[in-house]
Amino acid sequence: MHVSVQNAGVISIHRLPDLTAADWDRVMAVNTKGVFLCAQAAVAVMRRHGIRGRILNAASGQSRQGFIYTPHYAASKFGVMGLTQSLAKELAPEGITVNAYAPGIVGSDMWDYNDRVWGELLGDYAPGELMKEWVAGIPAGRAGTPDDIANVLLFLASEAAEYVTGQTINIDGGMFMS
C-alpha cells in the first residue's frame, strides 16, 4: 500500500482591510495548490506502478466553519475538502482512496501564533488565555495532540479503511460535529 500525506499548512490572521492579496495567495498556494500538486505527483507514481494507494489531505476545523479574521485560510481548507471529494470520485475505480482530516486545536507553533494574534485582535488576552477559553468549549475537554492526528491517519492509511473515500474526518474532540 502506498500512502501520500499532504500535511502542509500556513495561516495568517488579519482584519479584512489589512488582508493583502499576497497574504491570500500565499495561504492558497500552500494549503490548496500544494495539496493538489502533491496528490497529483503521488497518483502519477501509483499509476505508473499499477498500485492501489491512499491520498490523505490536511484540511482543518475551518473546512467546516470559518473563523473571524481568516477568510483566506477558511477558503483554502474548504478547497481541500472539495479537492478531496473530486479526486475520490475520479480515483476510486483504480483502488486509490482519497480522504482529508480536519484537526481542531492541537498544540503547535501555529496554535501559539493563533493564540497571540487572535488574542490581540479579539481583546486583551494574555498568552494562553484565548486558547484556554476555546478549549473549554470542546466536549472532550482538551486540545488535541499529534498522536490524536496520527492515529486517525494510521487508520485511513490501512487496509481497514479500504471502503472509506471522499471523507473529511474531524479530529477535534467534538469541536465541530458533522
Side-chain angles (χ1 to χ4, degrees), residues 1-13 27-28 30-32 34-36 38-39 42 52-85 87-88 91 96-119 122 125-178:
M1 182 65 59
H2 283 65
V3 179
S4 179
V5 179
Q6 288 58 250
N7 193 50
V10 296
I11 192 170
S12 62
I13 302 167
V27 168
M28 295 299 285
V30 172
N31 296 356
T32 312
V35 167
F36 159 72
C38 289
R52 298 177 310 127
R54 305 280 188 262
I55 304 295
L56 304 175
N57 300 325
S60 165
Q62 286 209 55
S63 65
R64 303 291 189 189
Q65 181 181 47
F67 288 6
I68 192 170
Y69 307 134
T70 54
H72 53 318
Y73 182 80
S76 75
K77 294 303 185 173
F78 269 87
V80 168
M81 199 163 58
L83 173 67
T84 297
Q85 292 172 3
L87 293 179
L91 300 172
I96 300 171
T97 64
V98 186
N99 290 291
Y101 53 100
I105 298 172
V106 177
S108 66
D109 290 343
M110 181 185 278
W111 275 101
D112 291 343
Y113 166 81
N114 294 347
D115 177 67
R116 181 177 52 79
V117 178
W118 265 315
L122 292 173
Y125 287 93
E129 283 183 345
L130 182 58
M131 287 303 111
K132 185 176 179 181
E133 187 177 298
W134 284 358
V135 167
I138 296 173
R142 66 174 178 84
T145 67
D147 284 346
D148 293 324
I149 310 308
N151 289 332
V152 172
L153 292 179
L154 286 170
F155 167 71
L156 290 172
S158 75
E159 291 291 331
E162 179 178 28
Y163 199 59
V164 179
T165 195
Q167 303 305 305
T168 299
I169 309 297
N170 296 346
I171 314 170
D172 62 9
M175 187 174 176
F176 296 103
M177 298 185 188
S178 55

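The heavy-atom pair separating N114 from M131 by the smallest distance is C-CE, 4.4 Å. Scanning both residues, S76 and V27, for their nearest heavy atoms gives OG-CG1, 3.7 Å. Residues G9 and K77 approach most closely at CA-NZ, 4.4 Å, considering heavy atoms.
Every residue two or more places apart in sequence or in another chain that forms a salt bridge (charged side-chain N to carboxylate O under 4.0 Å, His left out) with R142 is listed here: D148. Judged as a salt bridge (charged side-chain N to carboxylate O under 4.0 Å, His left out), and not counting sequence neighbours, the contacts of E162 are R52. Residues forming a side chain to side chain contact (heavy atoms under 4.5 Å, CB included) with N7 (at least two apart in sequence, or on another chain): V5, A58, Y101. Contacts of D115 classified as salt bridge (charged side-chain N to carboxylate O under 4.0 Å, His left out), with partners at least two apart in sequence or in another chain: none. For I68, the side chain to side chain contact (heavy atoms under 4.5 Å, CB included) partners are W118, L122, not counting sequence neighbours. Among residues two or more places apart in sequence or in another chain, the side chain to side chain contact (heavy atoms under 4.5 Å, CB included) test is passed with Q6 by S4, V35, C38, A39, I55, N57.
Here the CG-CZ distance, from L56 to R54, works out to 8.5 Å after rounding to the nearest 0.5 Å. To the nearest 0.5 Å, atoms CD1 (I105) and OG (S60) are separated by 10.0 Å. The OG1 atom of T97 lies 11.5 Å from the CG atom of L87; values are rounded to the nearest 0.5 Å. Taking CD1 of I171 as the start and CG of N151 as the end, the distance is 9.0 Å to the nearest 0.5 Å. A distance of 12.5 Å separates CE of M28 from OH of Y73, quoted to the nearest 0.5 Å. Atom NE2 of H72 sits about 9.0 Å away from atom CD of Q62, to the nearest 0.5 Å.
Panel note: side chain N99, backbone G166; a donor-acceptor pair is recorded below 3.5 Å. For T168 (side chain) and A100 (main-chain N/O), no donor-acceptor pair under 3.5 Å exists by modelled atom type.
Within the 4.5 Å cutoff, the side chain of M175 has no heavy atoms near those of the N170 side chain. Side-chain atoms of M81 and R64, non-hydrogen and from C-beta on, do get closer than 4.5 Å to each other.
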Any chance you could lay out the side-chain contact (heavy atoms from CB on, under 4.5 Å) test for V80 and S63, step after step, and finish with the verdict?
CA-CA 8 Å; V80 168; S63 65; over 6 Å; no
Show, in sequence, the C-alpha distance, side-chain angles and deciding distance for I13 and F67, and conclude whether the side-chain contact (heavy atoms from CB on, under 4.5 Å) test is met.
CA-CA 10 Å; I13 302 167; F67 288 6; over 6 Å; no
For the pair V10 and N31, evaluate side-chain contact (heavy atoms from CB on, under 4.5 Å) and give the outcome as yes or no after the intermediate values.
CA-CA 7 Å; V10 296; N31 296 356; 3.8 Å; yes
Using side-chain contact (heavy atoms from CB on, under 4.5 Å), reason through E129 and E133 one step at a time and then give a plain yes or no.
CA-CA 6 Å; E129 283 183 345; E133 187 177 298; over 6 Å; no
